[in-house]
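Have a look at the structure below before the remarks.
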2 protein chains.
Amino acid sequence: MTPPRRRSDAEQNRARILDAAREYVVASNDLKLNEIAKAAGVGQGTLYRHFPTREALLAEVYQADVDALVAAAPDLLAEHPPIEALARWLKKVAEYAKVKRGVFAAATSAVRSDLAGHSIGPIGDAVTALLDAGKAQSQIRGDADARDVILLLGFLTNLDEAEWDTRAQRVLGIILDGLREEAKPQRARTRRAASRTGF
Amino acid sequence: MTPPRRRSDAEQNRARILDAAREYVVASNDLKLNEIAKAAGVGQGTLYRHFPTREALLAEVYQADVDALVAAAPDLLAEHPPIEALARWLKKVAEYAKVKRGVFAAATSAVRSDLAGHSIGPIGDAVTALLDAGKAQSQIRGDADARDVILLLGFLTNLDEAEWDTRAQRVLGIILDGLREEAKPQRARTRRAASRTGF
DNA sequence: ACCTGAACACCGTTCAAGT
DNA sequence: ACCTGAACACCGTTCAAGT
């Protein structure tokens, strides 16, 4: 059960690589592996030893952020009705994405790679929880799943700097409305509105 | 007014480059410039002479497809009510994107580059026409613009092969519903539903 | 066991030399 | 006026040699 002890120099290098990567991630969008190795003061090989793939590195860089997002979902659900919880959670995602666009790319790629598999990753689970709560109260359309939402959130990646405060909010609102179950009027409808137009 | 005649060999090279690029585009997602030059039987410099940027090349490769999409918008509006026209147009975009993902990337990048500017490109104009028609009948939310829609359509780029027929349709439906103006019940509402949850 | 950094591969881009 | 392709730059990845 005890994790195989690493040599202390290895442990230190690992930390330095992560620190360097974190710095680069806030600055520019794409991190250059060699540059990070250099900034961390280690050889390129050392970087590869600790993080065999670029994704492995990114996953660790964003670990804390992803964890925070995942943890927020049940908290929000405990305090708010499902739609409201979902709305707040989406807002939170946008805030993270604004500073570190990679948070989102990391989540997306995780989901993408697990297409065939069963798990959709922790972020996917968080979204599923939010959606399920809404479905249970017939406030979220029953056919939407976590991957739908994550795919749609991909728009954040293409946002320009100046648009963050205005457009991001509006588009999140469009997504949220699209996920809503039709408000039931006098007589319950059998098919969703979109079905009538061919979707 | 007469366009400055190109030398016939230049004209021919141009065509061959485009042909080669078109072939590569259907096969793989990212086209390698040197490879295309080689496949076209021209030097790399020739490729750059005709298409100074990668985008310039892609724009021409997808020209016909983009034109078709743009032309479809007014046609659909003439034959269908706005929402229905929009729904059909979105479906058409998805069909194109399925075969040539680049169609969409081309449209996106065009819009992206013109952020500060006035024009949002022909595709943007097509979407605007569809949205405006819907807004005029209070069927589309008044605050949505073409760039919102194009950003959301970006999800098509991240779709996996197997998802095209099922998920694509559903997500397009979500977008469409999100763009709808709230169906006016007995009493008109002052604020959109999403506004009540913080967006 | 882990690290280093030279070396290779790959691809985009330029430019001197050709026709 | 246009073309060619060697050459350079850049970045990811590997691996022989070191400690």
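Residue numbering restarts at 1 for every chain, and letters A, B, ... go by the order of the sequence lines. Remember, predicted model here, so these are calculated numbers, not experimental data.
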What is the separation between atom NZ on A:Lys38 and atom P on D:dT13, rounded to the nearest whole Å?
19 Å

Measure the shortest side-chain to side-chain distance between B:Leu156 and B:Trp164 over non-hydrogen atoms and say whether it is less than 4.5 angstrom.
yes

Any chance NZ of B:Lys135 has more than 12 other-residue heavy atoms, nucleotides or ligands included, within less than 6.0 Å?
yes

Within a strict 4.5 Å, meaning less than it, do heavy atoms of the B:Leu31 and B:Leu57 side chains meet?
yes

For nucleotides 3-7 of chain C, tabulate all protein N/O to nucleotide N/O atom pairs closer than 3.5 Å, reporting atom names and distance.
residue	atom	partner	partner atom	Å
C:dC3	OP1	A:Asn13	ND2	2.4
C:dC3	OP2	A:His50	NE2	3.4
C:dT4	OP2	A:Gly43	N	2.8
C:dT4	OP2	A:Thr46	OG1	2.8
C:dG5	N7	A:Gln44	N	3.4
C:dG5	N7	A:Gln44	OE1	2.8
C:dG5	O6	A:Gly45	N	3.0
C:dA6	N6	A:Gln44	NE2	2.9

Is there side-chain contact between B:Leu152 and A:Ile175, with heavy atoms separated by less than 4.5 Å?
yes

Rounded to whole Å, please give me the gap between CG in A:Leu47 and C1' in C:dC2.
14 Å

Per-residue pairing states of DNA chain D in dot-bracket (Watson-Crick or G-U under 3.5 Å; . unpaired, | other strand) read ||.|||||...|||||.||

Without decimals, in angstroms, what is the distance between B:Lys32 NZ and D:dC10 C1'?
16 Å

Whole-Å distance separating the OH atom of B:Tyr48 from the P atom of D:dA1
23 Å

Is there side-chain contact between A:Arg167 and B:Leu151, with heavy atoms separated by less than 4.5 Å?
yes

Does the distance from a Lys or Arg side-chain N to an Asp or Glu carboxylate O, for B:Arg88 and B:Glu84, drop under 4.0 Å?
yes

Rounded distance in Å - CD (B:Glu35) to C1' (C:dC11)
10 Å

Separation of C:dC11 C1' from B:Tyr24 OH (nearest whole Å):
13 Å

Indicate, with a heavy-atom threshold strictly under 4.0 Å, whether B:Leu31 touches base, sugar-phosphate, or nothing.
sugar-phosphate

Check ion pair A:Asp145-A:Arg147 (N to O, under 4.0 angstrom)
no

Residues B:Arg180 and B:Asp177 bridged, charged N to O under 4.0 Å
yes

Which whole-number value in Å describes the distance from B:Leu33 CG to C:dC10 P?
17 Å

Quickly work out the A:Ile17 CD1 to C:dC2 C1' distance and round it to whole Å.
12 Å

Heavy atoms, side chains only, cut-off 4.5 Å: are B:Leu131 and B:Asp148 in contact?
no

